[in-house]
J.: 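Attaching a single structure in structure tokens format; questions to follow.
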Amino acid sequence: MLNENNITLETKTSSRLALVSIFTVSIFLSASLLFSVQPLFAKLALPLLGGASNVWNTAMIFFQGSLLLGYIYAHLISKYLPLIGQAVVHILVMLVGVFFLPLAISSGWTPPTEGVQAFWLIALFGVSIGVPFFAISANAPLLQHWYSLTNQKDAKDPYFLYSASNAGSLLSLCLYPIVFEPLFRLQEQTHMWSLGYFGLIACLLATAIYAQRNRRENFVENVKEISKPVNWTKRGLWVLLAFLPSSLMLGLTSHMTNNIASAPFLWVAPLALYLLTFVIVFAAKPLVTTQQIGRLFPAVIFAAIIFGFVLKNFIILSILLSLLTYFIIALMCHSRLVDNRPDASRLTEFYIFMSIGGVLGGIFNALIAPMIFNGTYEYLIVLLLTYAAVPREIKNGPKRAKSIVTLALGAIIGFGLFSVLDSFKTPFTVAALAGGVVFVYALSRVQAERKFAIANIIFLCGFVFGMPPFLNKVMGKTQLQSRSFFGVISVKAIETPYGLMHRFDHGDTIHNYQLQDPALRKIPLAYYSNGNSFDRALQAVRRKHPHINLAMIGLGAGAMACYEKPEDDWTYFEIDPEVVKMAKNPAYFSYLSECSFESDIRIGDARLTLQGLPDNSQHMIIVDAFSSDSIPTHLVTREAMALYLEKLREDGMMFFHTSNRVMDVASVIVRLADDAGLASRYISLSDFEGQDYAEFHGPSRGVLVGRISDLDESIGNDTHWVKYEPSHHVGLWSDDYSSVLSTLLSAKAQRKKYDVRKQPEDD
């Protein structure tokens with residue numbers, strides 16, 4: 001009898017192990033495919049929109065929206081169909097997704113030049129990968145629901161499987177920039193993903209069979225079970241607690257991608273931390289409690305503001321510390337979310353409202369914020385909202401919810417009113433007062449638990465609203481601030497020993513200056529100053545061709561126009577319409593209006609608009625398309641180089657601007673030149689002592705590319721040009737392969753090797 005019991009026990013244990021294993025493997029594989037396709041397909045789409053950093057945030061709207069639709073679909077079929085019916089329908093939906101494999105950009109889609117890039121991109125994602133992504137997105141809640149129908153002891157609380165789901169997501173995201181991006185080409189990645197998709201279909205079929213065989217006895221599906229009531233206050237809390245970390249994640253991503261590069265390496269970090277918090281809080285035994293995390297507030301909010309804004313000139317340090325504070329904030333939000341989860345009978349409903357919060361975070365950051373704000377204020381707004389909504393004692397009554405909503409609306413409306421008035425050049429004091437009145441009124445309606453919390457919020461808002469006038473005094477008065485899909489540009493007026501000067505900022509990087517004295521307005525400054533790298537590259541080409549046809553990729557403030565001659569034929573290519581408007585307006589910069597001869601400016605991505613130039617027509621092509629320190633990777637690939645060579649005369653040359661604070665772009669260019677059978681020379685200038693306006697000459701690096709005989713003849717005795725040995729970390733980039741991580745690894749060593757040189761005495 002004892003032996004029979006032991007055999008029965010062993011059989012049950014083995015059966016349970018097999019059941020849990022197949023569910024875990026299925027949900028893990030599903031999540032891995034779901035989150036590996038995000039950086040993969042976003043990278044496929046990057047070349048279509050100039051490598052804009054907002055591509056990722058817009059892509060996230062599609063991904064989050066698809067998740068929401070998948071959760072709704074899972075909720076509906078789990079509510080109205082028996083287990084067998086759910087399995088049949090879902091596997092059929094998965095099979096429909098097979099017709100969209102391997103993943104690829106749908107043909108015939110040309111990006112718009114103005115206004116609707118975000119909506120165009122969402123539509124492109126929908127027709128290209130919408131069906132397979134939708135099918136996979138339903139797996140997490142659906143598989144948890146199937147498990148809740150089994151006869152296992154823990155079936156009543158299947159949320160632990162969501163931890164496995166996010167572990168798979170986290171692993172795939174972390175492996176992408178470390179393994180898949182540097183080791184496999186995009187085509188290879190898409191084929192690997194297709195194999196995983198077929199494997200998932202097989203796993204789902206096995207899971208459905210196991211779930212049916214191990215169904216709970218005497219359980220009648222589609223009959224409403226007795227469960228704890230869920231009111232709309234709690235549903236609203238689910239949405240809010242999902243919205244906050246989602247919005248903050250995208251705000252932090254924008255900060256990083258605007259200042260380094262639009263690359264999976266940087267997209268992945270905030271999203272990976274976001275998923276890690278889910279792994280922690282949904283675990284059967286969470287590592288930390290909500291109360292333990294809550295002790296870090298409000299200090300963590302202040303730290304996030306300092307790390308993200310005050311230390312922004314120290315890019316790497318700022319990013320690392322901002323990621324740390326974001327992780328703590330997201331952990332707090334998601335911990336509270338888990339504390340308020342319903343029982344298993346409302347599992348799919350819970351995920352729907354959680355997904356709604358995530359989608360709203362994406363919509364606010366990627367669609368609404370760029371339309372209503374002329375700067376990246378959304379990150380700051382949501383930090384304030386998080387401070388107001390999350391850190392205090394955990395009380396979820398109606399008064400508490402009403403206080404949160406009132407305070408949130410007051411913060412959003414007040415800041416929105418301030419931004420609108422400020423954009424119409426209303427005096428700062430008036431704009432701040434108007435926004436402040438709205439927020440203070442909201443505060444007066446809040447039934448707060450502790451008075452000092454209100455005082456902290458007021459102080460925090462005072463700090464935020466008080467910073468702009470202080471920065472205006474220190475960094476110059478803002479003449480223009482504009483935001484588009486491609487980033488934020490601004491023009492500031494500063495006083496100098498030479499009189500008033502305008503400065504052009506793109507993101508956090510200074511790109512150009514112009515003195516406003518009429519006698520000095522035609523003097524190019526920054527990277528484009530006399531004797532700097534652009535000037536020397538142009539001089540090299542003019543030694544062979546006094547009158548040149550030149551394609552300038554990247555307009556900036558238009559300072560290069562100062563080097564035009566009447567007999568030249570110059571064409572400018574600029575992807576951001578806001579930059580063109582700024583450069584053509586003499587109230588901001590007058591380089592084009594005073595120096596250029598019938599400027600031909602073409603708006604759109606250079607890989608597309610450059611096609612309009614005749615082949616073999618250009619003496620020189622200059623690539624200067626970086627916004628802030630972000631690299632448009634598709635402009636520095638083998639395919640891009642082939643396009644440049646088509647448009648270049650046989651004895652023509654190319655100059656690539658490689659100045660960057662954190663990456664070794666020069667190695668990328670030299671690899672491309674070597675692959676094309678061309679020679680290259682590197683220049684790095686930083687010492688302008690003794691020259692006119694030396695304090696406004698920007699340190700500059702660049703690579704000149706051409707045939708060896710043409711380079712030697714053109715450079716002559718200019719010893720600033722040196723041969724550059726590319727780093728062994730950096731491989732040959734193509735549309736099918738690039739790795740920003742490799743340029744980060746090599747940057748410090750390469751600069752130490754090549755950038756210690758100063759200008760020779762004879763200069």
Side-chain angles (χ1 to χ4, degrees), residues 20-42 59-60 62-71 73-74 90-91 93-94 97 103 129 131-148 158-180 189 192-208 211 242 245-246 249 264 267-284 330 334 337-338 347-348 350-352 354-355 358-359:
V20 173
S21 296
I22 190 61
F23 269 92
T24 302
V25 169
S26 296
I27 207 165
F28 184 91
L29 177 58
S30 176
S32 298
L33 291 174
L34 193 69
F35 280 84
S36 62
V37 75
Q38 295 187 23
L40 165 60
F41 199 79
M60 285 299 295
F62 168 78
F63 296 137
Q64 291 169 325
S66 296
L67 279 174
L68 175 58
L69 293 177
Y71 288 175
Y73 154 75
H90 187 55
I91 290 175
V93 171
M94 289 286 294
L103 302 178
I129 62 168
V131 174
F133 193 91
F134 164 79
I136 296 176
S137 67
N139 286 332
L142 193 60
L143 289 174
Q144 289 177 70
H145 173 70
W146 290 358
Y147 190 81
S148 72
Y159 287 100
F160 73 91
L161 287 173
Y162 196 60
S163 182
S165 171
N166 284 282
S169 305
L170 179 62
L171 180 63
S172 65
L173 279 175
C174 292
L175 288 178
Y176 189 84
I178 298 172
V179 177
F180 293 103
Q189 294 175 36
M192 292 167 64
W193 196 90
S194 298
L195 291 175
Y197 189 87
F198 286 113
L200 177 59
I201 293 175
C203 285
L204 287 174
L205 184 60
T207 304
S246 171
M249 174 185 66
W267 301 336
V268 161
L271 183 55
L273 292 177
Y274 176 82
L275 294 172
L276 179 58
T277 62
F278 278 122
V279 174
I280 293 172
V281 300
F282 275 96
H334 291 153
L337 194 61
V338 172
L347 180 147
T348 53
F350 171 69
Y351 284 123
I352 287 174
M354 188 175 75
S355 182
V359 171

J.: Just to verify, what does F278 make a ring-ring contact (aromatic ring centres under 6.0 Å, His included) with, not counting sequence neighbours?
T.: Y162, Y274, F282, H334
J.: Looking at residues at least two apart in the chain, or sitting in another chain, which of them share a ring-ring contact (aromatic ring centres under 6.0 Å, His included) with Y73?
T.: H90, F134
J.: Specify the closest pair of heavy atoms between V25 and C203, including all atoms of both residues, with the distance to one decimal.
T.: CG1-SG, 4.3 Å
J.: Taking Y197 for the side chain and M94 for the main chain, is one N or O donor matched with an acceptor at less than 3.5 Å?
T.: yes
J.: Mind listing the closest non-hydrogen atom pair of S137 and G70 along with its distance?
T.: OG-CA, 3.4 Å
J.: If we only count heavy atoms from C-beta on, is the I201 to L204 side-chain gap below 4.5 Å?
T.: no
J.: With no hydrogens and no angle check, is any side-chain donor or acceptor of S355 less than 3.5 Å from a backbone partner on Y351?
T.: no
J.: Any side-chain to backbone donor/acceptor pair from S30 onto I27? Under 3.5 Å, distance only.
T.: no
J.: Tell me, do Y147 and T24 make a side-chain contact under 4.5 Å, heavy atoms counted?
T.: no
J.: Indicate yes or no: at least one non-hydrogen side-chain atom of L34 is less than 4.5 angstrom from one of N139.
T.: no
J.: Which residues pass the side-chain hydrogen bond (donor to acceptor under 3.5 Å, both in side chains) test with T207, sequence neighbours left out?
T.: S26
J.: Closest heavy-atom contact between A135 and V93?
T.: CB-CG1, 3.8 Å
J.: Begin from the C-alpha positions of V281 and L337 and carry the test side-chain contact (heavy atoms from CB on, under 4.5 Å) through to its verdict.
T.: CA-CA 9 Å; V281 300; L337 194 61; over 6 Å; no
